[in-house]
Amino acid sequence: MEHPFYVMVDCNNFYVSCERAFNPALERRPVVVLSNNDGCIIARSEEAKALGIGMAEPAFKRRAFFLSNDVTVFSSNYALYGDMSSRVHGVLSRFTPEIEHYSIDECFLLLHTKNRKRLFSLAHQIRQQVRQWTGIPVCVGIAHTKTLAKVANRLAKKRPNSGGVWILDDPTQIEQELAILEIEDVWGIGRRNSKKMHAMGVKSALDLTQRTHEWIRKKLTVCGLRTVMELQGIPAIPMEEEPPTAKSITCSRSFGVRITNLSELQEALSCYVQRATEKLRSRKLQAGAVQVFITTARLSDDPQYSNIGTLPLQTPSSYTPELQAKAQTILKDLFRSGFRYQKVGVLLLELVPENGRQLTFNDFLDDSNSKQNKPLMKALDAINQRHGRGTLHFASSGTGKKRWHMNQNKLSKRFTTTWSELPIAFAR
DNA sequence: TCTGGGGTCCTAGGACCC
DNA sequence: TCTGGGGTCCTAGGACCC
């Protein structure tokens with residue numbers, strides 16, 4: 001029986017392409033997008049790459065370079081990128097119902113055609129339609145496993161003669177390509193394991209496939225074994241069409257400046273708990289436990305301290321004040337004076353669906369889940385959704401100037417998610 | 001001065017029980 | 001006082017991804 005084809009569709013320089021879609025003057029010019037807090041470089045146009053700007057470089061080291069080379073710089077605008085991502089997904093869904101929204105800029109599709117010519121033509125249609133309907137350029141890589149499809153996508157991007165599409169299904173060609181693929185460029189083999197492999201003489205993807213499964217299993221665990229099987233053409237990583245329900249929700253930010261006093265940490269944490277609980281409710285979930293962490297700046301010469309604490313809830317809840325109280329209790333316990341803190345964060349754990357959860361005896365003792373909390377949170381979320389995040393917030397997140405607030409000095413407009421700014425061409 | 005944020009999964013080791 | 005092995009559950013830490 002024929003194996004189906006895994007099709008990896010990857011948006012080119014996605015964040016840069018999103019910015020360009022609404023500002024065509026940026027075409028053919030060096031453009032970069034910075035991480036949250038304007039910390040480091042996380043997306044580069046081809047022109048920026050050609051100037052030698054590296055991935056994940058700290059932005060501050062390049063400030064002068066940006067100016068002298070006329071590089072356009074953006075703070076990351078996730079409201080825009082997230083919305084563009086779902087538009088791309090929408091276009092791709094028209095080609096097959098078997099689609100996995102793998103990451104903000106990548107989708108896997110499963111196609112069952114055996115006709116190679118037809119496959120090629122479909123791949124080109126995909127590119128053309130996504131470009132035309134969203135403004136985003138993509139490359140398409142096709143193979144019999146997800147991991148090989150990622151390799152194929154890489155070739156579609158790198159080989160000048162690819163036309164943005166690469167099918168990697170011929171065993172001889174697969175072997176040739178794996179022989180020149182550095183092990184650190186294999187999907188699933190990260191920095192640490194690459195180093196480990198190099199030390200043991202495994203340098204290329206092909207080297208890896210020539211070790212026994214037992215050896216791989218022992219050195220790289222079952223995850224590494226799945227990767228190796230996939231490189232050998234045996235599907236081991238299935239499609240996930242339904243996004244699995246979240247197991248945790250995090251909100252954390254690095255501060256704009258270092259923070260030393262508890263009260264400002266409390267404000268920041270309060271803000272993050274509000275965001276995290278909003279996310280929780282929007283996904284119709286409740287949390288069974290709250291975790292808080294704080295940390296000083298890892299890369300500075302300051303005295304270092306970081307710590308983490310967890311508190312369970314009596315019964316799962318999505319009621320902000322209740323989770324807030326737990327989080328603040330943990331923070332007070334973790335806080336030590338005399339340190340310059342860089343970051344605080346909250347994790348909501350043990351998530352369960354808000355409906356369909358078995359009621360327990362505790363539910364009848366616990367008034368935080370009582371009927372009047374739900375409408376309150378619902379009203380809060382509705383107002384913030386309609387009038388913008390943070391319109392209504394808790395006093396505990398502070399009313400004065402927020403020194404801890406992250407830097408975002410180069411933010412573009414939220415073109416697609418603020419109705420007044422929605423360009424006609426993209427209205428549906 | 002300034003180096004992201006949000007996720008998932010696996011494993012080893014300790015606690016505990018029988 | 002001496003003495004065993006196996007199972008489960010939990011957690012911290014490490015690895016990966018984009």
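FYI, side chains are in, hydrogens and waters are out, and symmetry mates aren't considered; it's all heavy atoms of this structure. Per chain, numbering begins at 1; letters A, B, ... match sequence-line order.
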Query - Euclidean distance for P, B/dT3 against C/dC17 (whole angstrom) - result: 24 Å
Requested in this report: Look at the side-chain N and O atoms of A/Thr221 and state whether any lies under 4.0 Å from the OP1 or OP2 oxygen of B/dC10.
Outcome: no
Query raised in the report: How would you label the contact of A/Ala56 with the nucleic acid (heavy atoms, under 4.0 Å): base, sugar-phosphate, or nothing?
Result: nothing
Report task. Mind checking A/Lys195 for me? I need base, sugar-phosphate or nothing, with any heavy atom below 4.0 Å counting as a touch. Result -> nothing
Query raised in the report: Given B/dC10, B/dG5, B/dG4, which nucleotide is nearest the side-chain atoms of A/Ile42?
Result: B/dG4
Query raised in the report: According to a strict under-4.0 Å criterion, is A/Lys247 in side-chain N/O contact with OP1 or OP2 of B/dG6?
Result: no
**Report entry** Sugar-phosphate, base or nothing in reach of A/Asp105, heavy atoms under 4.0 Å
**Finding:** sugar-phosphate
Query raised in the report: Quick one: does NZ or CZ of A/Arg87 land under 6.0 Å from the six-membered ring centre of A/Trp133, within 45 degrees of the ring axis?
Result: no
Report summary line: Here the distance between atom P of C/dT11 and atom CG of A/Leu311, to the nearest Å, is 12 Å
Query raised in the report: Touch check for A/Val33, heavy atoms < 4.0 angstrom, all strands: base, sugar-phosphate only, or nothing?
Result: nothing
Query raised in the report: Going through the distances and angles, do A/Phe74 and A/Leu26 end up as a side-chain contact (heavy atoms from CB on, under 4.5 Å)?
Result: CA-CA 12 Å; A/Phe74 289 98; A/Leu26 298 172; 3.7 Å; yes
Query raised in the report: Does A/Arg191 have a side-chain nitrogen or oxygen under 4.0 Å from the phosphate oxygens OP1 or OP2 of C/dC17?
Result: no
**Report entry** Residue matched to B/dC18 through Watson-Crick or wobble contacts both under 3.5 angstrom
**Finding:** C/dG5
Query raised in the report: Of the nucleotides B/dG6, B/dT11, C/dC18, which one has an atom closest to the side chain of A/Trp187?
Result: C/dC18
**Report entry** Closest to the A/Val222 side chain, choosing from B/dT11, B/dT3, C/dC18
**Finding:** B/dT11
Query raised in the report: Which nucleotide, B/dC10, B/dT3, C/dC18, lies nearest any side-chain atom of A/Pro58?
Result: B/dT3
Query raised in the report: What's the CG-C1' distance between A/Leu411 and B/dG4, to the nearest Å?
Result: 15 Å
Query - Option from A/Lys157, A/Arg44, A/Glu46, A/Glu19 for which side-chain hydrogen bond (donor to acceptor under 3.5 Å, both in side chains) with A/Asn13 holds - result: A/Glu46
Report task. Identify whether NZ of Lys or CZ of Arg in A/Arg62 sits under 6.0 Å from the centre of the six-membered ring of A/Phe65 and within 45° of that ring's axis. Result -> yes
Report task. Please determine, by modelled atom types, if A/Ser412 and A/Asn77 share a side-chain donor-acceptor pair under 3.5 angstrom. Result -> yes
Query - Phosphate contact (B/dG5 OP1 or OP2) by A/Asn37 side-chain N/O below 4.0 Å - result: no
Requested in this report: Check every strand shown and say whether A/Ile249 touches a base, only sugar-phosphate, or nothing at a heavy-atom separation below 4.0 Å.
Outcome: sugar-phosphate
Requested in this report: Could you check whether A/Tyr78 gets within reach of a base, just the sugar-phosphate, or nothing at all, counting any heavy atom under 4.0 Å?
Outcome: base
Query raised in the report: C/dC16 C1' sits how many Å from A/Met197 CE, rounded?
Result: 14 Å
Query raised in the report: CZ of A/Phe255 versus C1' of B/dG5: gap in Å, rounded?
Result: 14 Å
Query raised in the report: Looking for any heavy atom pair under 4.0 Å, which part of the strands does A/Arg258 touch: base, sugar-phosphate only, or nothing?
Result: sugar-phosphate
Requested in this report: Rounded off to whole Å, could you give me the OH-to-P distance for the A/Tyr272 and B/dG4 pair?
Outcome: 13 Å
Query - Comparing A/Lys279 and A/Ser35 on DNA chain B - which has the more 5′ nearest nucleotide - result: A/Ser35
Report summary line: Among B/dG6, C/dA15, C/dC17, the one nearest any side-chain atom of A/Asn193 is C/dA15
Requested in this report: Give a yes/no on whether any side-chain N or O of A/Arg226 is located under 4.0 angstrom from OP1 or OP2 of C/dC17.
Outcome: no
**Report entry** Validation row, ring centre A/His144 to ring centre A/Phe5 under 6.0 Å
**Finding:** yes
Report task. Using a heavy-atom cut-off of under 4.0 Å over every strand shown, decide if A/Arg62 touches base, sugar-phosphate, or nothing. Result -> nothing
Query raised in the report: Atom CD1 of A/Ile308 and atom P of C/dG13: how far apart are they, to the nearest Å?
Result: 8 Å
Report task. Specify the separation, in whole Å, of atom CE of A/Met8 and atom P of C/dC18. Result -> 9 Å
Report task. May I ask you to say what A/Gln342 touches in the nucleic acid, namely base, sugar-phosphate or nothing, with a heavy-atom cut-off under 4.0 Å? Result -> sugar-phosphate
Report task. Quickly work out the A/Ile104 CD1 to B/dG4 P distance and round it to whole Å. Result -> 18 Å
Requested in this report: Would you mind classifying the nucleic acid contact of A/Lys196 as base, sugar-phosphate or nothing, using non-hydrogen atoms under 4.0 angstrom?
Outcome: nothing
Query raised in the report: Just checking A/Glu57: base, sugar-phosphate only, or nothing, at a heavy-atom cut-off of under 4.0 Å?
Result: nothing
Requested in this report: List the steps, then state whether side-chain contact (heavy atoms from CB on, under 4.5 Å) holds for A/Ile126 with A/Val9.
Outcome: CA-CA 9 Å; A/Ile126 286 173; A/Val9 181; 4.2 Å; yes
Query raised in the report: Closer than 4.0 Å, any side-chain N/O of A/Ser254 to the OP1 or OP2 of B/dG5?
Result: yes
Report task. Report yes or no: is the cationic atom of A/Lys146 (NZ for Lys, CZ for Arg) closer than 6.0 Å to the six-membered ring centre of A/Phe108, at no more than 45° off its axis? Result -> yes
**Report entry** A/Asn36 side-chain proximity, nearest of C/dC18, C/dC16, B/dG5
**Finding:** B/dG5
Query raised in the report: Between A/Lys343 and B/dG5, is there a side-chain N or O to OP1/OP2 distance below 4.0 Å?
Result: yes
Query raised in the report: How would you label the contact of A/Ser248 with the nucleic acid (heavy atoms, under 4.0 Å): base, sugar-phosphate, or nothing?
Result: sugar-phosphate
Query raised in the report: Between A/Arg217 and A/Phe60, which has a closest nucleotide on DNA chain B that is more 5'?
Result: A/Phe60
Query raised in the report: How would you label the contact of A/Leu220 with the nucleic acid (heavy atoms, under 4.0 Å): base, sugar-phosphate, or nothing?
Result: nothing
